[in-house]
Number of protein chains: 2
Amino acid sequence: MNDSVIAPGSTFTIRKETLHDQVADRIRDLIIEGHLEPGTRIDEARLVEQLGVSRTPFREALRTLAAEGLVVIRPSRGAHVRKLSREDIFSMLELLARLESFAAELVCKRATDADLAGLSDLHDRMMGFYAIRDRMPYYKLNQEFHTQLTALTGNSALIETQGNLQARLKRIRFMGNRNPDLWAASVGEHEEMMAALMQRDGNALGAVMERHLLNAWDRVADTF
Amino acid sequence: MNDSVIAPGSTFTIRKETLHDQVADRIRDLIIEGHLEPGTRIDEARLVEQLGVSRTPFREALRTLAAEGLVVIRPSRGAHVRKLSREDIFSMLELLARLESFAAELVCKRATDADLAGLSDLHDRMMGFYAIRDRMPYYKLNQEFHTQLTALTGNSALIETQGNLQARLKRIRFMGNRNPDLWAASVGEHEEMMAALMQRDGNALGAVMERHLLNAWDRVADTF
DNA sequence: GGCGTAAATTTTGTATACATAATACAAATA
DNA sequence: TATTTGTATTATGTATACAAAATTTACGCC
């Protein structure tokens with residue numbers, strides 16, 4: 001039983017995050033949001049100064065990001081924001097396509113009706129933003145849909161891996177989707193997915209999902 | 001053109017590894033080889049002393065291992081060797097099964113005949129050790145077979161993810177396979193895989209591979 | 001003797017200082 | 001002028017020192 005006066009996860013709970021975790025989060029955002037361009041050298045002195053922390057937690061944070069694949073550290077030559085090659089990105093999308101296709105199958109087997117209703121709701125809100133062509137909130141709900149679908153598999157390793165890939169691809173995928181036709185196609189695939197999902201047709205859902213993510217390649221392939 | 005006197009990647013090139021990388025490698029081995037039991041607290045002072053390094057590179061190494069999922073760091077309470085629950089292990093095997101099944105399909109499409117010959121050779125050597133029931137070298141070649149098969153996909157993201165999962169499961173899987181019947185079954189699956197591989201039958205190979213790794217669950221499920 | 005509290009000890013987190021390697025720059029040589 | 005070599009500067013890697021938190025121990029109290 002929970003004896004705490006304060007509800008867990010509320011804004012009152014003092015979340016004690018170490019400095020290096022905060023720094024890692026911060027740099028991760030800077031990279032994902034594009035404030036730190038791929039290939040850029042990470043200027044330790046400058047960032048340390050800007051963030052107001054010492055080098056120790058900063059460097060620990062860098063090691064975390066390196067393990068996550070967002071940053072590359074060359075001994076004695078500093079850290080750079082990892083620059084993904086075409087092949088890297090294709091690899092990641094190809095893998096993500098399979099992972100989420102798998103997730104789709106599992107969800108059809110394992111999720112409760114309430115879970116599916118939640119996804120449906122997410123989908124509807126997303127479509128609301130498509131209707132008025134509001135790109136940013138659409139994009140965010142889209143990400144959330146994929147995250148949530150994966151979460152419902154209950155497979156922690158899958159959830160972690162999908163999350164990592166999604167994070168790494170985040171910026172790149174946001175750059176895509178600016179062509180109205182491609183956006184419409186993407187929306188169409190989402191409609192197909194919802195249909196399959198409601199019937200718990202795992203094979204169909206998996207197939208659409210894989211196609212959906214492989215198509216994502218076409219939507220970003222020319223942007224670099 | 002390459003004017004260098006020394007061939008790149010030759011044994012002459014001095015590879016310089018930082019301390020924290022060496023430490024990370026060392027601790028990783030200690031965990032995988034079982035010298036550091038899951039759940040054990042990682043005694044910073046003692047290990048730092050033993051390894052003869054200062055706390056800074058040691059702690060950076062810990063952060064790397066944490067990102068890899070081998071270690072858990074709780075703020076102000078130190079690091080522990082991650083203890084995998086039944087669910088964790090099942091999750092990882094379930095995912096690995098799908099990943100390698102995917103790898104299998106890709107290899108049938110993309111690998112050269114020489115690549116396949118290499119796998120065949122690996123397989124034969126493995127079977128040689130099975131014939132004399134020499135468990136350790138069999139196990140090592142087995143790992144190498146799965147690694148090599150994945151490598152031949154050319155999908156770097158897949159290679160990385162498979163490697164990480166395999167590393168985390170290494171110790172656990174070595175514990176299994178002691179029952180002669182289960183070992184025999186595993187060997188049978190490998191024979192099936194080679195047959196499918198030689199015909200480049202991606203679907204068949206993928207199916208056997210997935211079954212093979214899901215069966216691995218049964219081989220370890222009772223050991224903890 | 002058990003329990004709760006407070007001091008002492010240990011452990012962890014962060015900052016700083018020092019050592020070493022890489023880069024940039026300038027002078028010297030061909 | 002181009003290239004090389006030595007030197008200064010800067011950046012990175014590692015060790016140590018200090019601060020804050022958690023854990024353990026000791027003590028007083030019921």
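Proteins get letters first, then strands, A, B, ... in listed order; numbering begins at 1 in each.
The residue among B/Ile42 and A/Arg55 whose nearest nucleotide of DNA chain C is located toward the 5' end is B/Ile42. Sequence order on DNA chain C of the closest nucleotides to A/Glu60 and A/Arg74 puts A/Glu60 first from the 5' end.
Evaluation of the ring-ring contact (aromatic ring centres under 6.0 Å, His included) test over residues 87-118 of chain A, restricted to residues two or more places apart or in two chains, returns A/Phe90-A/Trp217. Every pair tested for ring-ring contact (aromatic ring centres under 6.0 Å, His included) that includes a residue from residues 63-88 of chain B fails, sequence neighbours excluded, so the list is empty. Every pair tested for ring-ring contact (aromatic ring centres under 6.0 Å, His included) that includes a residue from residues 34-53 of chain A fails, sequence neighbours excluded, so the list is empty.
Heavy atoms of A/Thr56 sit under 4.0 angstrom from at least one base atom.
Atoms CZ (B/Arg63) and C1' (C/dT12) sit 13 Å apart, rounded to a whole Å. For the pair B/His20 NE2 and D/dA15 C1', the computed distance is 14 Å after rounding to whole Å. For the pair A/Leu62 CG and D/dA11 P, the interatomic distance rounds to 15 Å; values are reported in whole Å. Across the protein-nucleic acid pair, A/Phe58 atom CZ and C/dT16 atom C1' stand 17 Å apart, rounded to whole Å. The CD-P distance, from B/Glu17 to C/dT20, rounds to 20 Å in whole Å.
In this structure, B/Phe129 has no ring-ring contact (aromatic ring centres under 6.0 Å, His included) partners at least two apart in sequence or on a different chain. Residues satisfying the side-chain contact (heavy atoms from CB on, under 4.5 Å) test with A/Ile32, not counting sequence neighbours, are A/Arg28, A/Ala167, A/Lys170. Judged as a salt bridge (charged side-chain N to carboxylate O under 4.0 Å, His left out), and not counting sequence neighbours, B/Asp88 has no contacts. A/Arg168 is linked by a salt bridge (charged side-chain N to carboxylate O under 4.0 Å, His left out) to B/Glu160, counting only residues two or more places apart in sequence or in another chain.
Put simply, B/Ser54 has no side-chain N or O that comes within less than 4.0 Å of OP1 or OP2 on D/dT14. Within the 4.0 Å cut-off from OP1 or OP2 of C/dT12, at least one side-chain nitrogen or oxygen of B/Arg41 is found. Listed pair A/Arg77 / C/dT23 meets the phosphate criterion, a side-chain N or O lying under 4.0 Å from OP1 or OP2.
One side chain, B/Glu100 or B/His146, offers a donor N or O that lies under 3.5 Å from an acceptor on the other.
A donor-acceptor contact shorter than 3.5 Å is absent between the side chain of A/Arg82 and the backbone of A/Val72.
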Polar atom pairs (N or O), protein with nucleotides 6-8 of chain D, under 3.5 Å:
none

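For B/Ser76, whose side chain is taken as the heavy atoms from C-beta onward, the closest listed nucleotide among D/dA21, D/dT12, C/dT14 is D/dA21.
Near DNA chain D, defined here as any heavy-atom distance below 4.0 Å, the residues from residues 44-52 of chain A are A/Glu44, listed numerically.
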